[in-house]
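First comes the structure, then the notes that go with it.
Just so you know, ligand 1 is whichever comes first in the structure, and atom 1 is the first atom listed for that ligand. Along the sequence shown, the residues carry numbers beginning at 1.
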Amino acid sequence: QPITTDMETLTREVKKFATDKKLEIEMLQVREEYRREFLGNISHELKTPLFTVQGYISTLLDGAMDDKTIRKKYLKRADKGVERLIYIVEDLDMITKLESGDLNLEITEFDIVELIRNVFDLLEMKADKKKITLAFENEYIRPNFVRADKDRIQQVIENLIVNSIKYGKKGGVTEVAVVNLTKEKVLVRISDDGEGIEQQNIPRLFERFYRVNKSGSRAEGGSGLGLAIVKHIIEAHKEKIYVESEFGIGSEFSFTVEKAGVKEEKKEPKKIID
Ligand code: ADP
């Protein structure tokens, strides 16, 4: 450390120190505010399903248990509530990891079309319940290999399709397309003909716990973290995500993914782990 002798430099350094300290304190205050808000949101999200589960259990203990049909019905509802709690806790775990940068991407080369088909199989029952058709269109030139973290991209596609079912109209269609965007990139597009989103709400969609229609979305069973998780995963890949929506008509979410080594196209795809 150089020893400061002249008054001017000393004053400047003291001032700088004070400004740095002030900034540091402000930063800490912002962080504290953020933490408080996050905790407040979490307890709020957990309360609803917890009270639901408790309600059914208390009613059962108060005598409803004696009736076989009611017993089964209430136990099923309590079970659904617990399932919902698990989803919320899993999403919280994921967002915490993503926000603290603790999530290491495992980059491999995989078939994006096969992945989408697997997600369709997983979500078929959910879509069926609303009589929603899951349609797939492949505009990408074969082979369909991309380079990304397969599990995380699966989660992105799952979250976006789940939303298109939740906010889609009964008897409607969710269409997933893989589009050839540039020499290096493909675009994965998920569109629905559901309720759509008003323009003024679009910029806030990817915020944690943001919902256009609070009670409606909670009743659909989400954690309010789905799109925040999607955004973090796409950004961790240094890729882009887009939204287009028309209120009352439908929404379209799309994101880019890197194509697997263009030069290696003809060879057997190799697993690459960074
Ligand atoms: P949630 O658990 O509430 O679904 P998300 O983060 O996944 O949380 O989505 C945030 C909000 O964005 C939703 O509550 C909903 O208002 C809106 N939204 C998301 N996807 C769609 C969609 N496909 N159509 C209309 N609104 C949507």
(request) Would you mind checking which non-hydrogen protein atom is closest to atom 23 (N) of ligand 1, with the distance to 0.1 Å? (result) D192 OD2, 2.9 Å
(message) With a 4.5 Å cut-off on side-chain heavy atoms, are K169 and E195 touching?
(response) no
(message) Using modelled atom types and a 3.5 Å cut-off, is there a donor and acceptor pairing between side-chain atoms of K130 and backbone atoms of I165?
(response) yes
(message) Can you confirm whether F51 is buried at CZ, in the sense that more than 12 heavy atoms of other residues, nucleotides or ligands lie under 6.0 Å from that atom?
(response) no
(message) Hydrogens and angles aside, do T9 and D6 bring a side-chain donor and acceptor to less than 3.5 Å of each other?
(response) yes
(message) I need the contact type for S245 against ligand 1. Using non-hydrogen atoms and a strict under-4.0 Å cut-off, is it side chain, backbone, both or neither?
(response) neither
(request) Return yes or no for this condition: an N or O of G196 is under 3.5 Å from an N or O of ligand 1. (result) no
(request) Test the R208-F38 pair against the cation-pi criterion, namely NZ or CZ under 6.0 angstrom from the six-membered ring centroid and within 45° of the ring axis. (result) yes
(message) If you take the nearest heavy atom of each of G222, G224, S251, G168, which one is closest to atom 8 (O) of ligand 1?
(response) G224
(request) Examine ligand 1 and decide if any of its atoms is less than 4.0 Å from a heavy atom belonging to F253. (result) yes
(request) Could you tell me whether N159 approaches ligand 1 through its side chain, its backbone, both or neither, with non-hydrogen atoms closer than 4.0 Å? (result) neither
(message) Within the structure, is a non-hydrogen atom of G194 found at a distance of less than 4.0 Å from ligand 1?
(response) no
(message) Polar contacts were defined as any N/O atom of the residue lying under 3.5 Å from an N/O atom of the ligand; does this apply to Y210 and ligand 1?
(response) no
(request) For ligand 1, note which part of I197 has a heavy atom under 4.0 Å away: side chain, backbone, both or neither. (result) side chain
(message) Just by distance, no angles: are the side chains of Q29 and E33 close enough, under 3.5 Å, to form a donor-acceptor pair?
(response) no
(request) Could you tell me whether N163 and ligand 1 have an N or O pair separated by under 3.5 Å? (result) yes
(request) Give a yes or no on whether the backbone of G222 and the side-chain of R211 come within a donor-acceptor separation of less than 3.5 Å. (result) yes
(request) If you have a sec, work out which protein heavy atom is nearest atom 21 (C) of ligand 1 and how many Å separate them, to one decimal? (result) Y167 CD1, 3.4 Å
(message) Tell me whether V212 has any N or O atom under 3.5 angstrom from an N or O of ligand 1.
(response) yes
(message) Is it the case that the side chain of D192 and the backbone of S251 share a donor-acceptor pair, with hydrogens and angles ignored and the cut-off at 3.5 Å?
(response) yes
(message) Please compare D193, T174, L205 and report which has the shortest non-hydrogen distance to atom 12 (O) of ligand 1.
(response) L205
(request) Examine distances only and state if a side-chain atom of N159 and a backbone atom of G226 form a donor-acceptor pair shorter than 3.5 Å. (result) yes
